[in-house]
Amino acid sequence: MEQPVIAVRGATASLGSRPVLRGIDLTVGRGEVVALLGANGSGKSTAVRAIVGQVPLTGGELELFGTPRRRFRDWKRVGYVPQRTTAAGGVPATVREVVLSGRLARTKLGPARRADREAVVRALELVGMADRAGDPVAALSGGQHQRVLIARALAGEPELLIMDEPMAGVDLASQEVLAEALRDQVERGASVLLVLHELGPLEPLIDRAVVLRDGCVVHDGAPPRAVGQHALPGHDHVHPHADPAAEPIRTGLLS
Amino acid sequence: MEILELAFMQRALLAALLVGITAPAIGIYLVQRRQALMGDGIGHVALTGVGLGFLLNASPIWVATVVCVLGAVVMELIRSYGRTRGDIALALLFYGGMAGGVMLTSLSDRGSSASLSTYLFGSITTVSREDILAICVLAAFVIVTTVGLRRQLFAICQDEEFARVTGLPVRLLNLLIAVTAAVTVTVAMRVVGLLLVSALMVIPVAASQQITRSFATTFAASVGIGVLVTVSGTTASYYVDVPSGATIVLMAIGLFVVLTALATPLARRRAGRAAAQEQCTLDGKGRSTATDDVRV
């Protein structure tokens, strides 16, 4: 089997004295799109933050592209979309300036070159924000801001995209633009791990869903179907499984 | 112009120019990460350095640089590691620095409360030849850092977590910001004084962002405003016998008020135009089409 781009085995992590991850296993294969689902507090954000090295693991193993996380230095292969922070910086910045930060994994401490500026333009076109390049980010709506953060990750031309709740607070129009941009990346062979509250317009793209509850993996397999009020128009309305084992999935989606 | 023929005024104006450039240049990053008062804290710590300089009979500016850098590094470590009780630790550092400075100065033969106050409030016309040399060297360091690494420092101050995942040496660059801020404090202390240093790091940035939309233009405008107020404030203090530091800071605040007053109608017009564009329009079938779709 080809080496997975993300391999997590028995990972544990705590925030303060509270255990948040209690031994999770998670793999993302090359070209695979994996959704991480679960209720608030189930540990899904902590899991992705541990994968990108922002939360230390207290146990278990974690490999990126076959390299243990501690020795992994090839960050230009990873595009990260953190959870959208409510507070922007204290100084105005344009969309273009923010997206250019996405090239830092390639330029490091060096200057930005023409190729970097061109990559910024391409990334903004992918998320349909090219016409807003010169606008201050503070003037954008929530959905537009999220598109800018995704363009920032895409600007680095990564092989693996890791996104923490990319659809939170995003209007439906923006969600569809983002789904389109993501489809384009997947067609080019990118692998994706994304934290989601609900599958929404991304559903057709997702190969596999991992559902967390209380820091444990309770489901790893086909994406659960949307149920109840979270089913969007156009989706099949199906009843939740009668099987009690499916219970955590429904809990996760209704959170 | 007779003002330019006097050696002490030449030194004063050169020092003013360098402070006008460096203080907003590092200040913009502190404002961006909402640490606007860090300069003030370093200023308090610097006082211990000045006192130590008096006591050791060494150049206060160099000793203050060393003490400031140490203090700023400690502050950065408290910021990045100690999440709980960080404010108490900082308070101990600030007031300890202030009290230490007063104590050390009183213990030395050279220092007096009068000489201390030239550092507290600035005394630009007493800048010596050695001082100006030190100011030039330190200012060069600040300019090279803040301009040369602007994209990296911008990214860290905008979104530290994202910057870390690009593989940038974020911890090192954070220390560099702290050290650069410390160096700027010692560059500026003879011109505006330790108690007013922070004003020059923050107010030009606050003033310029009333009218700017990008980080690059905010940076340029802040430095422009910084130079304008330090040079004209110093000149004014020569002709009218007033303290340079206070003149400079009051001019900066005046500019802030003027720019805010000018920018308010501008922003209102811009917002009005944007709102007009986003109004719902009825298409032929009588259905409204909005740019932002509504979730059902």
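Everything numeric here is computed off the predicted structure, so don't read it as measured data. Note that these values count all heavy atoms, side chains included, but never hydrogens, waters or copies made by symmetry. Chain identifiers are assigned alphabetically (A, B, ...) following the order of the sequence lines, protein sequences preceding nucleic acid strands; residue numbering begins at 1 within each chain.
Within residues 211-219 of chain B, the residues that have a heavy atom under 4.5 Å from a heavy atom of chain A are T212(B), R213(B), S214(B), F215(B), A216(B), T218(B), listed by number.
Looking at L173(B), the atoms closer than 4.5 Å to chain A (heavy atoms on both sides) all sit in the side chain, from C-beta outward. For R49(A), the part lying near chain B is the side chain, with the backbone staying farther off; criterion is any non-hydrogen pair under 4.5 Å. For chain B, the nearby parts of V98(A) are the backbone and the side chain; heavy atoms of each come within less than 4.5 Å. With a threshold of 4.5 angstrom between heavy atoms, P111(A) approaches chain B through N, CA, C or O but not through any side-chain atom. Heavy atoms closer than 4.5 Å to chain B are found nowhere in A139(A), neither backbone nor side chain. Residue contact with chain A, scored on non-hydrogen atoms closer than 4.5 Å, involves the side chain of V205(B) exclusively. Looking at L149(B), only its side chain comes within 4.5 Å of chain A, counting heavy atoms on both sides.
Counting non-hydrogen atoms of neighbouring residues, nucleotides and ligands closer than 6.0 angstrom, the CZ atom of R103(A) exceeds 12 such neighbours. Within a 6.0 Å radius of CZ in R183(A), more than 12 heavy atoms belonging to other residues, nucleotides or ligands are found.
Of all heavy-atom pairs between P92(A) and Q209(B), the closest is CD-CB, 3.5 Å. Across F162(B) and G102(A), no two heavy atoms sit closer than the pair CZ-CA, 3.8 Å. Between Q152(B) and G110(A), the shortest heavy-atom contact is NE2-O, 3.4 Å.
Here the CZ atom belonging to R164(B) is positioned 11.0 Å from the CH2 atom belonging to W75(A), to the nearest 0.5 angstrom. Rounding to the nearest 0.5 angstrom, the gap separating the CZ atom in F154(B) from the CD atom in E97(A) is 5.5 Å.
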Q. Taking it one step at a time, do R152(A) and D159(B) satisfy side chain to side chain contact (heavy atoms under 4.5 Å, CB included)?
A. CA-CA 11 Å; R152(A) 180 176 68 173; D159(B) 188 342; 2.9 Å; yes
Q: Please report the C-alpha distance between V78(A) and T166(B) in whole Å, then the side-chain angles of each, then the deciding distance to 0.1 Å, and finally whether the side chain to side chain contact (heavy atoms under 4.5 Å, CB included) criterion is met.
A: CA-CA 8 Å; V78(A) 179; T166(B) 63; over 6 Å; no
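Chain B forms the most heavy-atom pairs under 4.5 Å with one residue out of D135(A), V52(A), V91(A), and that residue is V91(A).
Residue pairs meeting the salt bridge (Lys or Arg N to Asp or Glu O under 4.0 Å) criterion with at least one partner in residues 143-158 of chain B, sequence neighbours excluded, do not occur; the list is empty.
Within the 4.5 Å cutoff, side-chain heavy atoms of L168(B) are placed close to those of L109(A).
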